[in-house]
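Okay, structure first, notes after.
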Amino acid sequence: AYEISRSDWSSDVCSSDLFPSHDTKKKGFKSAHAYGSSYALCFNAGVWGDEVGIMLDAAVHTGSSYDWNDSIHIWLSPMEIGELLAVFRRWKPRAEIGAHGARNEKTFILEAQEKHYYGKVLIKSSQSSPARGVPITSKDAAAISILIIEQLAAAYPNIPLQEVLATVHATHSLHDPANQRSSFIN
């Protein structure tokens with residue numbers, strides 16, 4: 001996997017232009033996208049420092065294309081992408097991943113809705129950058145979920161993937177009161 005330092009980060013490209021694929025048989029980059037009428041989200045497999053994860057870019061639609069020069073970047077750790085997977089698997093209805101950026105001003109929210117998902121990136125106290133929200137179709141959600149699973153497998157190479165997924169399921173199902181059982185019931 002390609003390693004990038006924070007000082008090398010450029011905002012003039014989707015980060016999929018910077019992270020090569022884990023698949024050495026294919027040239028290029030491993031990413032999954034969700035496109036809306038006003039914004040786009042790009043989920044990019046990568047390694048930042050020693051950490052496997054996903055770089056999320058949120059770009060503005062400019063009429064004929066998406067402006068990746070003005071994209072907002074959020075690095076998602078293995079624990080955070082596990083939380084997103086819990087939403088895509090409908091183990092929990094919503095994930096809010098905040099406190100990102102130099103001033104902890106960036107947040108990504110993913111919600112499961114009736115027939116699709118909705119993802120949005122926010123920057124606190126930014127008048128010039130409104131929330132960048134995108135509906136995520138089930139087809140796009142499947143591609144993003146597969147990318148997340150591949151990154152979880154890469155992040156925990158010594159743990160069977162089945163165990164990693166079972167742990168994600170168990171820890172995130174606890175947040176859903178409908179899935180909780182009282183330990184006081186005999």
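Counting begins at 1 with the first residue of the sequence.
Residue pairs meeting the side-chain hydrogen bond (donor to acceptor under 3.5 Å, both in side chains) criterion with at least one member in residues 78-89, sequence neighbours excluded: Ser77-Glu80, Glu80-His100, Glu83-Lys92.
Here Tyr66 pairs with Tyr35, His61 under the ring-ring contact (aromatic ring centres under 6.0 Å, His included) rule; sequence neighbours left out. The side chain to side chain contact (heavy atoms under 4.5 Å, CB included) search around Gln162 returns none, not counting sequence neighbours.
The backbone N or O of Leu147 sits nowhere less than 3.5 Å from a side-chain atom of Lys30 that would complete a donor-acceptor pair. In this structure, Asp67 contributes its side chain and Val60 its backbone to no donor-acceptor pair below 3.5 Å.
Counting heavy atoms from C-beta outward, Phe88 and Leu110 have side chains that approach closer than 4.5 Å. The side-chain heavy atoms of Ile109 and Glu96, taken from C-beta on, include a pair separated by under 4.5 Å. Residues Leu76 and Ile148 fail the side-chain proximity criterion, which asks for heavy atoms closer than 4.5 Å. The closest side-chain heavy-atom distance from Asp57 to Met55 is below 4.5 Å. Taking 4.5 Å as the limit, some side-chain heavy atom of Leu84 sits within range of a side-chain heavy atom of Phe108. Counting heavy atoms from C-beta outward, Arg90 and Tyr117 have side chains that approach closer than 4.5 Å.
Annotation for Gly46 and Trp75: closest pair O-CH2, 3.5 Å, computed over non-hydrogen atoms. In terms of heavy atoms, Ile136 sits closest to Gly119 at CD1-N, 4.0 Å. Taking all atoms of both residues into account, the shortest heavy-atom contact from Pro93 to Val87 is O-CG1, 4.0 Å. Of all heavy-atom pairs spanning Gly36 and Val134, the tightest one is N-CG1, 3.7 Å. Considering every non-hydrogen atom in both Arg132 and Leu41, the closest pair reads O-CD2, 4.5 Å. Across every non-hydrogen atom of Pro135 and Ala34, the tightest pair is O-CB, 4.4 Å.
Distance check: Gln151 CD to Leu85 CG gives 12.5 Å after rounding to the nearest 0.5 Å. With values rounded to the nearest 0.5 angstrom, Thr171 atom OG1 is found 9.0 Å from Trp91 atom CH2. With rounding to the nearest 0.5 angstrom, the OG1 atom of Thr62 is 10.5 Å from the CG atom of Asp70.
Tracing side-chain contacts under 4.5 Å through hydrophobic residues (I, L, V, M, F, W, Y), one never reaches Ile123 starting from Tyr118; they form parts of separate clusters. A single hydrophobic cluster is not seen to contain both Leu161 and Ile146; linkage of ILVMFWY side chains at heavy-atom distances under 4.5 Å, directly or through other members, places them apart. By the rule that hydrophobic residues join a cluster once side-chain heavy atoms approach within less than 4.5 Å of another member, Ile144 and Ile149 end up as members of one cluster.
Looking at Ile72, Leu56, Val121 one by one, the single match for side-chain contact (heavy atoms from CB on, under 4.5 Å) with Lys106 turns out to be Ile72.
Taking 4.0 Å as the cut-off between side-chain N and carboxylate O, Glu111 and Arg94 count as a salt-bridged pair.
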